[in-house]
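Structure, as structure tokens:
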Amino acid sequence: MSISVENLSFAFDKKQVLKSITFSAKHNELLSVLGPNGVGKSTMFRCITNLLNNYEGCITIEGKDIRHLGIKEMAAIVAYIPQSNHPSFNFSVFDMVLMGTASQFSVISTPGRRQHELAEASLERLGILHLKNRGFAHISGGERQLALIARALVQQAKILIMDEPTSNLDYGNQLRVLDQVKALAAKGYTIIQSTHNPDQTLMFSDKVLALLNGEVLAFGNPDEIINEELIYELYGVNVEIKHVVPENIRFCVPKKISGQFSAIG
Ligand SMILES: Nc1ncnc2c1ncn2[C@@H]1O[C@H](COP(=O)(O)OP(=O)(O)OP(=O)(O)O)[C@@H](O)[C@H]1O
């Protein structure tokens, strides 16, 4: 499914957060949104998921203005995956995933066989079926993030919006989760994630949207637009982008000056 954002502007009272943002994403694409703290990534995600609708501009999915879609229609198309903070409840992993089917039945009915099968299949797809009877609060951060993705998959929405899916995860779990995210994009999902790690973007993303001061600084293929100047503009640090040829991987190496990272200009 394709999502298109045109001239999106949003303000909290008089504070202008998003200014004329334009980009698009389509099936099989993993789009990463980069930008410093407070630039407006989460605010943009809240607009895209219809949680905020008092914006200017237009957001369309398959050509339909999302402001004309109801809650159930949106839930069938777009799933939001939050950061996996430590939960205060302890449902089983299976029940937590089953809750993702809520938009498929009415308030007076309960999930049936089909929903149970969906939950089971989703856990299996992400390689965590063995965790189904464990308490959601008693599994690791990486396992919780995969369970949250499993919950989004049972919603059967084809557009997944992920708010920093690898924050709070150790290095191994970051790579494992991103590997699964990339595999989902290859299966036809349209995925938009925010991240603070340009290396992840270089390694896994098909497209990157870089935001600065609420505006689009750059949008396109990571190999074409992620360079030393862009990283400096976004984060105020000097890096050198290295290229490992046999594996064709590019990554940022921070440059140090007298033991300090070079300061913002
Ligand atoms: N409910 C709100 N009312 C007023 N201002 C808000 C509200 N929510 C966020 N903001 C402000 O809007 C701006 C954008 O915040 P947002 O959370 O979208 O940034 P972000 O890019 O997701 O940040 P981070 O990378 O730190 O998570 C910030 O200046 C923030 O303080």
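Atom set for the values below is all heavy atoms of this structure, side chains included, hydrogens, waters and symmetry mates excluded. Both counts, for ligands and for their atoms, begin at 1 and track the order of listing.
- Each of the atoms 14 (C), 15 (O), 16 (P), 18 (O) of ligand 1 lies under 4.0 Å from some heavy atom of Thr43.
- Linking ILVMFWY residues whenever their side-chain heavy atoms come closer than 4.5 Å, directly or via other members, places Val97 and Ile139 in the same cluster.
- Nearest to atom 31 (O) of ligand 1 by heavy atom, out of Met44, Lys15, His196, Lys41, is Lys15.
- Annotation: Val17 places no N or O atom under 3.5 Å from an N or O atom of ligand 1; distance criterion only.
- Residue Glu164 approaches ligand 1 through these ligand atoms, each under 4.0 Å from one of its heavy atoms: 27 (O).
- Between Arg46 and ligand 1, no pair of N/O atoms sits closer than 3.5 Å.
- Ring centers of Tyr235 and His196: at least 6.0 Å apart, outside the cut-off.
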In sequence, state the C-alpha distance, the side-chain angles, and the governing distance for Tyr189 and Asn28, and then conclude on side-chain hydrogen bond (donor to acceptor under 3.5 Å, both in side chains). CA-CA 6 Å; Tyr189 285 86; Asn28 292 119; over 6 Å; no
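- A cation-pi arrangement is absent between Lys182 and Phe204 under the rule of less than 6.0 angstrom and at most 45 degrees off the ring axis.
- Across Ser194, Ala11, Gly38, heavy-atom proximity to atom 23 (O) of ligand 1 is greatest for Gly38.
- Geometric assessment of Arg151 against the ring of Phe136 yields a negative cation-pi assignment under the 6.0 Å and 45° thresholds.
- Backbone and side-chain nitrogen or oxygen atoms of Val39 are examined, and one is located within less than 3.5 angstrom of a nitrogen or oxygen of ligand 1.
- Using a 4.0 Å cut-off between a side-chain N of Lys or Arg and a carboxylate O of Asp or Glu, Arg114 and Glu117 do not qualify as a salt bridge.
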